[in-house]
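This report concerns only the one structure given below.
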Amino acid sequence: MENIKWEELGFGYIRTDYNIRSTWKDGKWSEPRLCTDENVTIHMASTALHYGQTAFEGAKAFMGADGKVRLFRIEENARRMQSSAEYLMMAVPPIELFVKMTEEVVRANARFIPPYGSGASLYIRPFLFGSGANVGVKPAEQYEFIIFVTPVGPYFKAGFQPIQAIIDRDHDRAAPLGTGHIKAGGNYGASLLSGDICHRKGYQSAIYLDAAHKQYIDEAGAANFFGIKNNTYVTPKSHSVLPSITNMSLRDLAADLGLNVEERLVDYRELAEFEEAGACGTAAVISPIGEVYDPQDDRHYIFGDGKSAGPVSTKLYNLLRGIQLGDEPDTHGWVTFVEL
Ligand code: PLP
Ligand code: COI
């Protein structure tokens with residue numbers, strides 16, 4: 001196993017042994033090839049560079065106490081990559097290819113899978129882009145589908161400690177990230193400014209409101225939003241929100257725990273009614289939100305004591321993490337094992 005201080009890992013890039021690549025050319029995907037080179041050489045007129053014809057995914061591999069390696073709902077990532085590809089008129093990687101390449105690249109980098117109990121995991125980053133040259137605005141004729149992996153710790157420094165978020169109507173013109181329900185690279189580029197402003201003000205995440213009315217909550221930065229009140233799990237319904245696989249799973253787990261589940265418009269003023277709030281996603285897992293500041297109304301929405309995770313978020317976190325690590329039974333059939 002690699003000599004890494006797993007417990008101290010943040011969410012960054014660490015070089016691993018291999019990435020895996022397949023090229024779409026002349027109407028077919030090439031046999032996947034493991035590659036040690038971290039660089040890609042593409043044509044300067046590629047559609048990815050000029051027109052943002054690029055999309056990515058995010059998943060994780062977990063080492064269990066039983067020494068088994070688990071992927072969580074990986075076929076859902078494959079499906080979402082397919083919808084991103086279709087939306088951006090890219091070649092669509094078959095689900096089997098996506099899963100097979102994921103398993104192969106995880107296996108090839110087994111020594112970088114963080115040990116059970118470290119709190120870290122192996123982040124999987126599949127991405128797809130138009131590598132063919134075009135000067136006119138039209139889809140490329142060649143595509144690269146690449147997956148790299150890198151060991152990561154918590155996305156937010158605090159780990160499972162409440163973060164502070166801010167509603168910044170002036171700078172979220174780029175948001176929400178999930179516009180069109182796809183994980184398009186360009187959406188994230190356009191969110192960098194609002195993210196930077198929010199960090200400089202001392203907040204860890206932006207809360208994006210719907211673009212048309214600036215009234216309804218869309219997302220919590222690079223994660224979905226949920227609130228808990230009256231034994232109910234509430235999460236925004238919006239075509240601009242990325243359909244989070246974590247959120248989809250939490251809705252099922254919340255129902256398993258006997259909570260009501262509501263997917264609907266969430267007026268930002270409803271923040272005053274939530275007993276708990278959280279950001280959820282592959283990278284974020286569940287990151288409890290302790291406080292949301294709204295500069296327009298100069299109002300602080302505080303959840304619980306603002307400093308510790310609430311009881312429902314904690315239960316959901318333990319259940320989700322437990323399934324991913326193999327500590328809880330996989331009652332929904334969400335786990336795929338990677339044979340090492
Ligand atoms: N929303 C955005 C904008 C994201 O980038 C992510 C991360 O992938 C999520 C939500 C969470 O989605 P998932 O749970 O599928 O990782
Ligand atoms: C993820 O959770 O996988 C994401 O894509 C969020 C962020 C790192 C972009």
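Each ligand, and each atom within it, is numbered from 1 in the order the structure gives.
- Distances from ligand 2 to the non-hydrogen atoms of Lys60 include no value under 4.0 Å.
- Residue contact annotation: Met248 has no non-hydrogen atom under 4.0 Å from ligand 1.
- When only non-hydrogen protein atoms are considered, atom 3 (O) of ligand 2 lies nearest to Tyr123 OH, 2.6 Å.
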Taking distance alone, no hydrogens or angles, what donor-acceptor pairs closer than 3.5 Å link side-chain atoms of residues 279-293 to residues at least two apart or in another chain?
from	atom 1	to	atom 2	distance (Å)
Ser287	OG	Ala284	O	2.8
Glu291	OE2	His300	ND1	2.5
Tyr293	OH	Asp298	OD1	2.6

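- Of the candidates Thr336, Val106, Leu122, Val106 is the only one forming a side-chain contact (heavy atoms from CB on, under 4.5 Å) with Val69.
- Between His213 and Tyr216, the ring planes lie perpendicular to each other; the angle is over 60°, past the 30° to 60° tilted range.
- Of the candidates Lys60, Arg73, Glu219, it is Glu219 that places a heavy atom closest to atom 2 (C) of ligand 1.
- The six-membered or imidazole ring of Phe145 lies near that of Phe98, with a centre-to-centre distance under 6.0 Å.
- Using a 4.0 Å cut-off between heavy atoms, Glu76 makes no contact with ligand 1 at all.
- Residues Glu38 and Tyr13 are in side-chain contact: their nearest non-hydrogen atoms beyond the backbone lie under 4.5 Å apart.
- Residue contacts with ligand 2 for Glu57 are absent, since no atom lies close enough (heavy atoms, distance under 4.0 Å).
- Residue contacts with ligand 1 for Ser244 involve both N, CA, C or O and side-chain atoms from C-beta outward (heavy atoms, distance under 4.0 Å).
- Considering backbone and side-chain atoms together, Tyr188 places no N or O closer than 3.5 Å to any N or O of ligand 2.
- Remark: Arg169 is positioned above the aromatic ring of Tyr268, its terminal NZ or CZ atom under 6.0 angstrom from the ring centre and at most 45 degrees off the axis.
- Where the criterion is an N or O separation shorter than 3.5 Å, residue side chain and backbone included, Lys183 meets it with respect to ligand 2.
- Ligand 1 has no atom lying under 4.0 Å from any heavy atom of Ala59.
- For ligand 1, the atoms sitting less than 4.0 Å from at least one non-hydrogen atom of Tyr188 are 2 (C), 3 (C), 4 (C), 5 (O), numbered in the order shown with element in parentheses.
- Near Asn224, meaning under 4.0 Å from any of its heavy atoms, are these atoms of ligand 1: 1 (N), 10 (C).
- Note: Ile166 CD1 to His199 NE2 = 11.0 Å, rounded to the nearest 0.5 Å.
- At least one heavy atom of Lys183 sits closer than 4.0 Å to an atom of ligand 1.
- At least one N or O atom of Ala283 sits closer than 3.5 Å to an N or O atom of ligand 2.
- The CG atom of Asn19 sits 9.5 Å away from atom CD1 of Ile147, with the distance rounded to the nearest 0.5 Å.
- Between Trp334 and Phe72, the angle of the ring planes goes over 60°, which puts this pair in the perpendicular group of the 30/60° scheme.
- A salt bridge links Arg269 with Asp267: at least one charged nitrogen is closer than 4.0 Å to a carboxylate oxygen.
- Below 3.5 Å of separation, one finds no N or O of Leu242 facing any N or O of ligand 1.
- The distance criterion of under 3.5 Å between nitrogen or oxygen atoms is met by Thr282 with respect to ligand 1.
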